[in-house]
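Since the structure comes first, as structure tokens, the remarks are kept for the end.
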Amino acid sequence: MKEISKRYNPSEIEPKWREFWEKNGIYKFNPKKKGKVFSVDTPPPYVSAEHLHAGHVMSYAQAEFVVRFKRMQGYNVFYPMGFDDNGLPTERYVEKKYKINKSKITRSEFIKLCLEETEKGAKNYKDLWTLLGISVDWSKTYSTINDHCRKISQWSFLDLYKKNLVYKAKKPILWCTTCQTAIAQADLEAEEKESNLVYIKAKAETGEEIVFSTTRPELLPAVMGISAHPDDKRYKKLIGKKIIMPLTKKAVTLTPDEATDMKYGSGAVYYCSYGGGECIEWLSRHPEADPTELVLSNGRFSAVGGKYEGMKVLEVRKQIVKDLQEAGAVQKIEPIKHSVYTHERCGTDVEYIESEQWFIRLLDKKKEFLKRGSELKWYPASMKKIYDSWVKNLKWDWCISRQRYYGVPFPVWYCEKCGGVILPEEKDLPVDPMEEKPKIKSCPKCGSKKFVPEMDVLDTWQTSSLTPVIGSKLVSEKNVEKKLYPNTLRPQAHEIIRTWLFYTIVKSHYHHGSLPFRDAMISGHGLDDQGRKISKRLGNYIPPQKIIDEYGADAVRYWATGAMLGQNLRFSLDEIKIGRKTTTKLWNAARFMGMNVEKAELLKSVDVLELADAWIVGELNKTIVEVTAAFEKYEYARAKESIDKFFWSKFADYYVEMVKYRFFGDDEKSKKIAGKTLATVFFNIVKLYAPIMPFVTEEIFHSHFKNLESAKSIHLSQWPNEIKLPAPKGRGLASGGKKTADISDFPTVLKAIEEIRKFKTKKGLSLGAEVESLKLKTKVNLKKYGELLRKVGRVGKIS
RNA sequence: GGGCAAUUGGCUCAGUGGUUAGAGCGUUUCCUUGACAUGGAAAAGGUCACAGGUUCGAUUCCUGUAUUGCCCACCA
């Protein structure tokens with residue numbers, strides 16, 4: 001007989017099963033299968049993430065535990081995979097990698113580079129997911145730049161246009177001067193920054209001095225007006241008077257405005273086009289004001305800036321303070337800390353400029369979105385708060401046009417003559433207006449035959465907010481699509497609730513009048529072993545491939561189960577080592593079974609259990625109930641804890657010990673039942689572990705249990721149910737042998753065994769050492785359990 | 001400034017209105033026993049952040065304080 005290694009060797013075993021799963025299509029969605037569908041809106045990762053780390057591993061593994069559980073429960077699982085590879089994240093990545101920017105390269109060259117990098121990135125991910133054993137159906141994949149997604153993304157635009165939910169308007173918008181594009185509120189990040197509050201002196205036409213304070217003195221050339229609170233005694237008499245700005249000598253009227261905070265700064269504030277959201281709001285209250293275009297799209301000053309023309313915003317800020325000081329117009333400068341909005345992709349301070357963009361309506365539908373949010377089942381429930389506060393605080397409609405190259409094009413042409421919007425037919429999608437001409441020959445409004453394409457591309461979220469639709473449409477069978485949408489589960493991280501989750505709800509609400517998915521399972525993210533965010537810059541991570549090489553994918557996955565739902569999880573090599581210990585322990589338990597049980601057989605209701613057998617089956621049943629309930633609630637950490645407890649502290653520590661003497665004795669009947677119980681319980685343990693550790697469990701299934709179930713793979717086998725057996729008769733051990741034995745006092749046996757072990761440890765004896773006699777302190781029914789204790793503890797006489 | 005969460009042995013984290021609050025790692029001791037020495041058995045170690053309150057009883061519920069983290073907010 002071949003010597004079986006005592007140590008489980010993942011690098012030998014795991015590749016075998018990877019290949020097996022792939023070859024046999026174990027994880028393929030079967031559209032013809034009857035029964036309940038469990039469909040997953042898998043997060044499509046940004047392929048621009050070149051350096052994958054434990055955080056990526058963690059978030060995908062966590063969703064996957066649930067998927068494997070559902071698959072074993074008999075659901076027809078739809079688990080596609082997408083790659084988010086269009087839009088700004090990819091463009092930024094390419095710009096950094098090749099040290100270029102969009103103004104220094106042609107559109108087509110840029111797109112070519114993006115496509116190349118995208119492909120590399122996708123492969124990078126696929127390799128890692130395959131290594132990890134992520135059970136997605138690789139025949140159901142999409143990339144957000146491919147035709148399938150373009151088509152759906154453009155369809156979405158057309159549908160919204162028809163429903164008057166998307167509009168084009170010229171208004172002040174959020175602008176990134178680095179990326180040189182409009183951005184959306186969700187792309188903002190508030191950052192605490194050091195700044196100066198500058199108190200500037202101006203003269204009223206009456207000759208009096210008025211001081212206003214600002215953190216953005218450079219916008220002085222674009223001043224629109226100046227306000228004070230109507231109740232502010234300091235300024236009451238100046239209201240309505242002209243105030244003459246220093247340097248520019250521009251005169252603006254001091255207006256009363258209740259929004260002004262009397263306590264802040266000097267109590268008087270000036271408004272420019274545009275210093276921020278507050279300026280825009282002020283403008284809506286003061287239509288008489290006269291906005292100008294000071295900051296250009298490249299972040300430099302226009303001719304409106306006079307002598308500052310061509311300078312960058314921050315340069316002007318320094319210079320203008322100097323100039324104001326020289327002119328004697330600065331009262332004081334107060335260093336302050338305040339939060340500034342930056343663009344989350346590049347960290348640049350956001351500017352507010354007036355521009356014509358496409359918007360999806362949000363602001364007038366907040367109530368509807370809040371309602372959808374409360375229809376969704378949140379796991380954990382507390383995550384809903386993030387959603388609610390986001391929706392309530394929305395200030396802008398969703399700007400979806402980006403002045404970029406690499407993205408899904410708008411399906412829009414304009415009539416050159418009258419500016420009318422020309423849209424394609426739905427059946428002609430996807431279209432690229434920059435390459436193609438519209439099908440209609442002339443403008444229906446003015447008859448002109450000349451058209452210009454929309455040059456902007458769509459925001460990346462405009463496409464990724466459609467992933468549930470994109471996924472379901474990967475299946476061609478019509479009636480099946482209905483079963484897939486809305487999806488069952490959206491697993492994702494909490495930092496993209498305001499983007500991916502919110503936008504997806506918006507789209508589904510607008511297009512389908514429903515939620516896009518039933519459950520949202522929100523995970524935390526992976527941190528390094530010191531609790532810091534894992535990042536390329538800090539270099540605080542080990543490449544996952546390397547860890548998998550060394551410890552096996554099962555061990556890494558074991559670590560990933562550690563986080564309670566919604567909690568961040570520190571990377572821990574120790575936890576991975578425990579995972580490896582667990583695979584080894586399972587392996588050795590299987591060896592033990594193989595040594596003592598010729599062929600695994602399951603317990604049947606006619607089998608007469610001994611007390612220990614009944615006890616372990618009872619404990620197993622409790623564990624099955626617990627683990628199932630935990631997985632149902634997506635609480636994989638709890639599920640793992642429960643299996644671990646049972647496997648280590650009940651099965652391995654006690655039951656295996658209790659069964660040894662029977663295997664080595666010559667009571668054939670007892671031996672047989674011990675073997676059957678051992679096989680039954682261990683088979684169930686292996687199944688319970690299968691969602692977490694798919695490789696070692698598959699190996700054990702095939703080497704020890706294949707005869708018990710017809711499933712090709714343990715991952716298609718039946719999830720454990722409670723084992724219903726008649727109560728034990730207590731054969732030979734309990735009184736009578738006919739009466740039903742009561743094993744509720746079995747914990748005293750465990751205690752007694754513990755006491756025997758303690759005794760031996762104290763005496764420096766090995767646990768296998770025979771002891772002549774022992775007086776137990778633990779109260780235990782010796783009539784019932786005496787023989788068991790003597791045999792397990794190797795004690796001649798127990799009293 | 002508002003909201004939410006956390007604060008439990010050296011470390012990382014579970015947990016509960018009620019007899020001695022748990023786990024893993026770490027530490028110490030013992031054991032090469034018939035699955036497993038990259039193992040096993042055992043021991044030590046906590047006034048459950050702090051201060052009040054509710055209660056027969058609080059680590060658990062309430063209030064406040066402190067610290068940390070997250071989300072949000074136009075204080076120019």
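Any value given below was found using the heavy atoms of this structure, including those in side chains, with hydrogens, waters and symmetry copies removed. A note on names: the letters A, B, ... follow the listed sequences, proteins ahead of strands, and every chain is numbered from 1.
- In this structure, A:I643 places its CD1 atom 16 Å from C1' of B:A23, rounding to the nearest Å.
- Distance, A:K392 NZ to B:C71 P: 18 Å, rounded to whole Å.
- Outside the 6.0 Å centre-distance limit, the rings of A:F682 and A:F592 are not counted as a close aromatic pair.
- Among the atoms of the strands shown, none is found under 4.0 Å from any heavy atom of A:E575.
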Does the salt bridge (charged side-chain N to carboxylate O under 4.0 Å, His left out) test come out yes or no for A:E550 and A:K546, once each step is laid out?
CA-CA 6 Å; A:E550 199 172 339; A:K546 217 176 145 185; over 6 Å; no
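- Taking atom P in both B:U65 and B:A76, the straight-line distance is 26 Å, to the nearest Å.
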Can you tabulate the close N/O pairs, meaning under 3.5 Å, that link protein atoms to atoms of nucleotides 1-7 of chain B?
none

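- When each of B:C75, B:C74, B:G40 is scored by its nearest atom to the side-chain atoms of A:K581, the top-ranked nucleotide is B:G40.
- Using a 4.0 Å cut-off between charged nitrogen and carboxylate oxygen, A:D667 and A:K671 do not count as a salt-bridge pair.
- Protein atom CZ of A:R757 is 14 Å distant from nucleotide atom C1' of B:G39, rounded to whole Å.
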For salt bridge (charged side-chain N to carboxylate O under 4.0 Å, His left out), just list the numbers for A:D613 and A:R662, CA-CA rounded to whole Å, side-chain angles, deciding distance to a tenth of an Å, and then say yes or no.
CA-CA 12 Å; A:D613 305 329; A:R662 289 158 72 184; 2.8 Å; yes
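- Distance, A:K193 NZ to B:A76 C1': 17 Å, rounded to whole Å.
- The environment of CD in A:E770 is crowded: more than 12 heavy-atom neighbours from other residues, nucleotides or ligands sit within 6.0 Å.
- Taking the centre and axis of the six-membered ring of A:Y271, the NZ or CZ atom of A:R216 falls outside the cone set by 45° and 6.0 Å.
- Atom P of B:U16 sits at a distance of 10 Å from the matching atom of B:C61, rounded to the whole Å.
- When the shell of 6.0 Å around NZ of A:K751 is examined, it contains 12 or fewer heavy atoms from other residues, nucleotides or ligands.
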Hey, mind stepping through A:Y387 and A:L376 against side-chain contact (heavy atoms from CB on, under 4.5 Å) and telling me if it holds?
CA-CA 11 Å; A:Y387 176 88; A:L376 183 63; over 6 Å; no
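- Summarising the geometry, the separation between CD on A:E189 and P on B:C71 is reported as 8 Å, rounded to the nearest angstrom.
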Taking Watson-Crick and G-U wobble pairs with both distances under 3.5 Å, convert RNA chain B into its dot-bracket string, 5' to 3', dots for unpaired and | for cross-strand pairs.
(((((((..((((....[...)))).(((((.......))))).....(((((..]....))))))))))))....
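- The same atom, P, is picked in B:U8 and in B:G15; the two are 14 Å apart, to the nearest Å.
- At a cut-off of 3.5 angstrom, the base of B:U38 holds at least one donor-acceptor pair with the side chain of A:R7.
- For the segment residues 213-223 of chain A, the set of residues with a heavy atom within less than 4.0 Å of an atom of RNA chain B comprises A:S213, A:T215, in numerical order.
- Regarding A:I522, its CD1 atom lies at a distance of 14 Å from the P atom of B:C71, rounded to whole Å.
- Relative to the ring axis of A:Y199, A:K332 places its NZ or CZ within 45° and under 6.0 Å from the centre.
- In terms of position on RNA chain B, the residue among A:R580 and A:R570 whose nearest nucleotide sits closer to the 5' end is A:R570.
- Between B:A66 and B:C50, the two P atoms lie 16 Å apart (nearest whole Å).
- Note on A:Y341: a side-chain N or O is less than 4.0 Å away from OP1 or OP2 of B:C74.
- At a threshold of 4.5 Å between non-hydrogen side-chain atoms, the residues A:V795 and A:I756 count as touching.
- Checking B:A76, B:C71, B:C72 against every side-chain atom of A:I386, the shortest atom distance belongs to B:C71.
- Across all strands, A:E754 comes closer than 4.0 Å only to sugar-phosphate atoms, never to a base (heavy-atom distances).
- Taking atom C1' on both nucleotides, B:C13 is separated from B:C74 by 41 Å, rounded to a whole Å.
- Put simply, the side chain of A:D232 gets close to the backbone of A:R234: a donor and an acceptor are under 3.5 Å apart.
- Between the side chain of A:Q185 and the backbone N or O of A:W396 there is at least one donor-acceptor pair closer than 3.5 Å.
- Within the structure, a side-chain polar atom (N or O) of A:K395 is placed less than 4.0 Å from OP1 or OP2 of B:C74.
- A close approach under 4.0 Å does occur between a side-chain nitrogen or oxygen of A:Q185 and OP1 or OP2 of B:A73.
- Across all strands, A:D574 comes closer than 4.0 Å only to sugar-phosphate atoms, never to a base (heavy-atom distances).
- Of the C1' atoms belonging to B:U32 and B:G39, the separation is 10 Å, rounded to the nearest Å.
- Atom P of B:G17 sits at a distance of 12 Å from the matching atom of B:C62, rounded to the whole Å.
- B:G22 and B:U60 have their C1' atoms separated by 15 Å, given to the nearest Å.
- The side-chain hydrogen bond (donor to acceptor under 3.5 Å, both in side chains) pairs that include a residue from residues 676-686 of chain A are A:D607-A:K676, where partners are two or more places apart or lie in different chains.
- Contacts of A:W559 with the nucleic acid, taken as non-hydrogen atoms under 4.0 Å apart, are absent.
- Other residues, nucleotides and ligands contribute over 12 non-hydrogen atoms within 6.0 Å of the CD atom of A:E192.
- Atom C1' of nucleotide B:C74 and atom OH of A:Y352 are separated by 8 Å, given to the nearest angstrom.
- Comparing B:A14, B:C72, B:C74 against the side chain of A:R498 picks out B:C72 as the nearest.
- For B:C71, neither phosphate oxygen OP1 nor OP2 lies less than 4.0 angstrom from any side-chain nitrogen or oxygen of A:H494.
- Judged as a salt bridge (charged side-chain N to carboxylate O under 4.0 Å, His left out), the pairs with a partner in residues 634-644 of chain A (not counting sequence neighbours) are, in order, A:E575-A:K640, A:E635-A:R638.
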Heavy-atom protein contacts under 4.0 Å, nucleotides 29-36 of chain B, coded B base, S sugar-phosphate only, - none
-SS-BBBB
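- Heavy atoms of A:W282 sit nowhere under 4.0 angstrom from any nucleic acid atom.
- For the pair A:K533 and A:D528, the salt-bridge criterion is not met [side-chain N within less than 4.0 Å of a carboxylate O].
- In this structure, A:K577 atom NZ and B:U38 atom P are separated by 14 Å, rounded to whole Å.
- A salt bridge links A:K650 and A:E619; the closest N-O separation between the charged side-chain nitrogens and carboxylate oxygens is under 4.0 Å.
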